[in-house]
Number of protein chains: 2
Amino acid sequence: MLKLTKKADYGLMAMKHLAEHVDREALSAKDIADAYGIPPQALAKILQRLMRAGLLESQCGIKGGYRLARDPHSISAYEVIQAIDGPLFITSCTTLRGECGQSLRCTVREPLRKVNQSIEEVLKRIRIAHMREEPEMVETKQLADYVMIS
Amino acid sequence: MLKLTKKADYGLMAMKHLAEHVDREALSAKDIADAYGIPPQALAKILQRLMRAGLLESQCGIKGGYRLARDPHSISAYEVIQAIDGPLFITSCTTLRGECGQSLRCTVREPLRKVNQSIEEVLKRIRIAHMREEPEMVETKQLADYVMIS
DNA sequence: GAAACTCGGACTGATTTGGTCGCATATTCA
DNA sequence: TGAATATGCGACCAAATCAGTCCGAGTTTC
Ligand code: FES
Ligand code: FES
């Protein structure tokens with residue numbers, strides 16, 4: 001149903017949290033989990049994935065924790081989501097080994113691939129350093145107008 | 001993982017198929033299902049949903065079947081998907097009966113709501129009559145730019 | 001060497017998805 | 001009239017995915 005997983009949500013929260021504390025020492029998984037009420041063990045595994053994807057640096061040991069591996073302005077939401085949930089395909093038939101039974105006859109695959117690309121673009125342009133809370137109805141309205149015109 | 005369900009895929013295929021045969025008589029669920037190798041019973045239920053959503057007109061009986069209720073140029077992919085899968089939320093905590101445990105502290109909900117809106121716009125711009133044509137990447141790119149700024 | 005971390009797989013229960021069945025209703029036509 | 005062929009709709013089931021836990025490692029600090 002075109003929904004982000006909880007893990008991706010947690011991951012984005014953690015990345016944003018780390019982006020706001022780049023100055024400090026490394027933060028442990030538990031620190032971040034406690035700050036948002038996330039199950040610590042669950043977040044730990046998510047951070048490990050982000051680490052393996054090269055988005056975080058980790059340090060073991062008693063004073064250890066995680067730190068952003070790159071400038072928060074250069075890390076996109078897309079990278080975070082992909083690192084956690086794997087490559088994102090909007091089409092349902094691309095799930096591992098071969099195609100679904102309709103792949104040869106499916107007439108909407110190509111159009112949807114383009115939609116997929118659009119969504120990727122949107123997510124790639126959102127940097128974790130820029131994720132803010134302002135709802136700003138005016139802008140979304142302008143966006144709607146823009147779409148109408150084009 | 002941000003994927004469309006198979007049902008939505010089937011629904012889009014069926015709608016596109018019907019859009020290409022507006023002239024003819026009503027097509028039965030089985031006709032369409034056979035044309036694409038879709039399980040007939042599954043497609044039948046999907047078409048019923050599209051019917052209830054007002055996107056299709058149905059006729060019972062031996063010469064019955066389905067027909068588009070509106071001009072195929074006016075029906076968006078978004079409408080089809082929503083009719084089948086229900087309202088689409090990119091955030092994971094909107095799943096019915098209250099919020100997830102993190103809703104109060106979640107810092108990425110609002111930013112993601114904007115992403116959600118962007119995706120909606122993209123899907124609303126795609127009409128089933130035009131699914132073969134290019135969704136115009138330039139515009140979606142500008143749209144993505146727009147989202148980033150806000 | 002103990003404490004506080006990360007690392008990573010295995011595991012379980014809950015939810016969602018994909019699909020089927022069965023029965024009721026409506027329409028055509030012989 | 002009544003058989004044939006449609007839709008209409010809920011219940012049902014199996015498989016996949018998701019969310020979260022557990023546990024047994026390794027690492028660093030003190
Ligand atoms: S994308 Fe696989 S059947 Fe349409
Ligand atoms: S959207 Fe619900 S926790 Fe972030």
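Heavy atoms only: backbone and side chains are in, while hydrogens, waters and symmetry mates are out. Note on naming: letters A, B, ... go to the chains in the order of the sequence lines (proteins, then strands), and numbering restarts at 1 for each one.
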Could you list all the salt bridge (Lys or Arg N to Asp or Glu O under 4.0 Å) pairs where at least one residue sits in residues 26-46 of chain B, not counting sequence neighbours? K30(B)-D34(B)

Hits for side chain to side chain donor-acceptor pair (under 3.5 Å) against H21(A), two or more places apart or cross-chain, chain-then-number order -> none

Presence of Y10(A) side-chain N/O under 4.0 Å of dG20(D) phosphate oxygens OP1/OP2: yes

When R70(A), R49(A), K124(A) are each screened for salt bridge (charged side-chain N to carboxylate O under 4.0 Å, His left out) with E79(A), the one that passes is R70(A)

What is the distance from CZ of R52(A) to C1' of dG9(C), rounded to the nearest Å? 10 Å

With A83(A) via side-chain contact (heavy atoms from CB on, under 4.5 Å) - residues at least two apart: L50(A), A53(A), L55(A)

Looking for any heavy atom pair under 4.0 Å, which part of the strands does K30(B) touch: base, sugar-phosphate only, or nothing? nothing

Tell me which of K63(A) and T5(A) sits closer to the 5' end of DNA chain D, going by the nucleotide each one is nearest to. T5(A)

If I take atom CZ from residue R127(B) and atom CG from residue D71(B), how far apart are they, to the nearest 0.5 angstrom? 9.5 Å

Whole-Å distance, L50(A) CG to dC7(C) P, equals 11 Å

Sub-4.0 Å heavy-atom contacts from residues 53-62 of chain A onto DNA chain D, ordered by number: Q59(A), C60(A), G61(A), I62(A)

Non-neighbouring partners of A42(B) that pass side-chain contact (heavy atoms from CB on, under 4.5 Å), sequence neighbours left out: P39(B)

Among dG10(D), dT20(C), dT7(D), the one nearest A42(B) by side-chain distance: dT20(C)

With 3.5 Å as the limit, what N/O pairs link the protein to nucleotides 11-13 of chain D?
from    : atom 1 : to     : atom 2 : distance (Å)
dA11(D) : N6     : K45(B) : NZ     : 3.3

Counterpart residues, side chain to side chain donor-acceptor pair (under 3.5 Å), relative to Q48(B) (two or more places apart): none

Going by side-chain contact (heavy atoms from CB on, under 4.5 Å), name the residues that satisfy it together with A8(B), two or more places apart in sequence or in a different chain. L4(B), T5(B), I81(B), D85(B)

Between Y66(B) and dG8(D), is there a contact of a side-chain N or O with OP1 or OP2 at under 4.0 Å? yes

Atom pair distance, as rounded to whole Å: NZ in K7(A) and P in dA19(D): 6 Å

Separation of dA14(C) C1' from K6(A) NZ (nearest whole Å): 14 Å

Check whether any side-chain nitrogen or oxygen of R49(A) sits under 4.0 Å from OP1 or OP2 of dC7(C), and answer yes or no. no

CG of L47(B) versus P of dT7(D): gap in Å, rounded? 8 Å

Nearest whole Å is fine: how far is dG19(C) P from D9(B) CG? 10 Å

Hey, which sits more toward the 5' end of DNA chain C by its nearest nucleotide, L27(A) or L4(B)? L27(A)

A44(A) near the nucleic acid: base, sugar-phosphate alone, or nothing, with a heavy-atom cut-off under 4.0 Å? nothing

Taking atom CD of E25(A) as the centre, report whether more than 12 heavy atoms of other residues, nucleotides or ligands fall under 6.0 Å from it. no

Sequence neighbours left out, what passes side-chain contact (heavy atoms from CB on, under 4.5 Å) with A26(A)? Give chain and number order. R67(A)

In whole angstroms, the gap separating P of dC9(D) from CG of L43(B) amounts to 16 Å

Euclidean distance, atom CG of residue D85(B) to atom P of dT17(C) [Å, nearest integer]: 7 Å

Against the side chain of Q41(B), the closest entry in dT7(D), dG8(C), dT20(C) is dT20(C)

